[in-house]
Undergrad: 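Sharing a structure with you now.
Residue numbers begin at 1 in each chain, while the letters A, B, ... track the order of the sequences. Just so you know, these numbers use all the heavy atoms, side chains as well, and skip hydrogens, waters and symmetry mates.
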Protein chains: 2
Amino acid sequence: MDDNSIIESRKLSQQYAYASLQMHEAIARKAGFSGTDHKYLGFLLQKGKLTAGDLAELSGLTTGAVTGLINRFEKKGLVKREYDESDRRKVLIVADYEKIVKILEPFYRQFREESEKLLATFSAGEIATIQSFLLKGISLMKATHNKFKE
Amino acid sequence: MDDNSIIESRKLSQQYAYASLQMHEAIARKAGFSGTDHKYLGFLLQKGKLTAGDLAELSGLTTGAVTGLINRFEKKGLVKREYDESDRRKVLIVADYEKIVKILEPFYRQFREESEKLLATFSAGEIATIQSFLLKGISLMKATHNKFKE
DNA sequence: TGGATATATCTTAGTTACTAAGATATCTTC
DNA sequence: GAAGATATCTTAGTAACTAAGATATATCCA
């Protein structure tokens with residue numbers, strides 16, 4: 001294939017990431033999450049359990065900011081603080097999965113359904129291609145992220 | 001193809017968007033942009049010229065916040081304010097494309113090159129599939145965004 | 001025309017969430 | 001068990017946001 005279609009694809013993937021960002025932000029606002037909280041709630045859902053320090057590391061926030069973040073989530077009843085048995089300095093942030101999903105689910109349901117409908121229009125082979133593209137892209141972006149963080 | 005691979009693909013596309021977000025944030029920090037400015041600089045680069053009101057609309061910020069945003073960019077010499085001839089209430093934000101690219105380019109160069117290398121490993125047909133997937137995804141996310149904004 | 005209303009941006013006051021630095025509590029090491 | 005390391009929290013100060021109102025310009029219509 002020619003260079004143009006490659007460059008165009010790269011730009012498309014940029015637009016894809018961008019559209020996703022915008023959509024998630026709009027949903028966050030609608031769901032009543034101010035600022036960036038929605039983003040970090042994603043970490044918590046993904047990981048389930050996480051120490052405050054890990055969240056600071058993952059998010060790039062200072063530990064002080066993370067304390068505030070946890071306080072806000074705790075006040076809303078979305079997470080609980082638990083203290084690590086084997087190292088009582090550590091604070092485990094435990095996400096209330098059910099509760100968080102219950103809040104976000106209504107906003108994402110239709111999107112998720114239509115995403116799956118969209119994917120179902122592709123053949124098995126095409127799906128494999130798409131998955132391969134996504135996987136390789138993810139690993140490239142993670143590598144770039146690691147290169148620049150800190 | 002089976003349902004599982006569809007669901008897995010949807011999750012992958014979620015991770016893809018997420019990895020992109022994280023990478024861009026790390027680069028923004030590295031390039032000296034605090035907070036969310038980098039994100040809005042993207043709008044400006046994409047559009048070239050934009051009124052303050054349009055930027056408020058696009059970003060979801062209040063007009064007051066946009067005034068502050070423009071002031072910060074202007075202070076760094078990244079944009080200029082121009083007043084619309086035909087409607088002198090309007091403030092056109094004109095991006096200094098060269099200057100902005102000069103700041104961001106070094107951070108994105110390698111990523112861009114490797115993205116293109118990655119894409120070049122796919123056949124023309126596969127690229128077409130990927131493009132189709134990205135395009136349809138973008139339009140679905142935009143539709144979802146429009147549904148929820150405001 | 002000109003007065004009323006609408007629109008685009010800016011300003012002000014108050015709030016929220018951030019950072020940096022230091023305090024506190026706990027763990028590890030020697 | 002004292003010294004230092006580590007994990008989180010607290011405090012003080014700052015940056016960037018919102019909401020509401022001010023200002024300047026445009027539009028509409030009697």
Undergrad: Using 4.0 Å as the upper bound for N to carboxylate O, is an ion pair formed by A:Glu105 and A:Arg112?
TA: yes
Undergrad: Any N or O donor-acceptor pair under 3.5 Å from the base of D:dC17 to the side chain of B:Thr62?
TA: no
Undergrad: Detail all sub-3.5 Å separations between protein N/O atoms and N/O atoms belonging to nucleotides 1-7 of chain D.
TA:
{"residue": "D:dT6", "atom": "O2", "partner": "A:Arg89", "partner atom": "NH1", "Å": "2.6"}

Undergrad: Please enumerate all residues that pass ring-ring contact (aromatic ring centres under 6.0 Å, His included) together with A:Phe107, with sequence neighbours excluded.
TA: B:Phe148
Undergrad: I need the minimum non-hydrogen distance between B:Ser9 and A:Gln131, along with the two atoms involved.
TA: OG-NE2, 2.8 Å
Undergrad: Near DNA chain D, under 4.0 Å by heavy atom, which residues of residues 67-86 of chain A?
TA: A:Thr67, A:Arg81
Undergrad: Is a side-chain N or O of B:Thr121 found less than 3.5 angstrom from the main chain of B:Lys117, in a donor-acceptor match?
TA: no
Undergrad: Within a strict 4.5 Å, meaning less than it, do heavy atoms of the A:Arg81 and A:Asn71 side chains meet?
TA: yes
Undergrad: Tell me the interatomic distance from B:Tyr40, atom OH, to D:dC17, atom C1', rounded to whole angstroms.
TA: 10 Å
Undergrad: Ion pair present between A:Arg10 and B:Glu113, side-chain N to carboxylate O less than 4.0 angstrom?
TA: no
Undergrad: I need the NZ-P distance between B:Lys39 and D:dC17, as an integer number of Å.
TA: 9 Å
Undergrad: Over 60° means perpendicular and under 30° means parallel, so classify the ring planes of A:Tyr108 and A:His24, tilted if in between.
TA: tilted
Undergrad: Starting from C1' on C:dA8, measure out to CG on B:Leu61 and report it in whole angstrom.
TA: 16 Å
Undergrad: Anything under 30° is parallel, anything over 60° is perpendicular, the rest tilted; go ahead and classify A:Phe43 against B:Tyr18.
TA: perpendicular
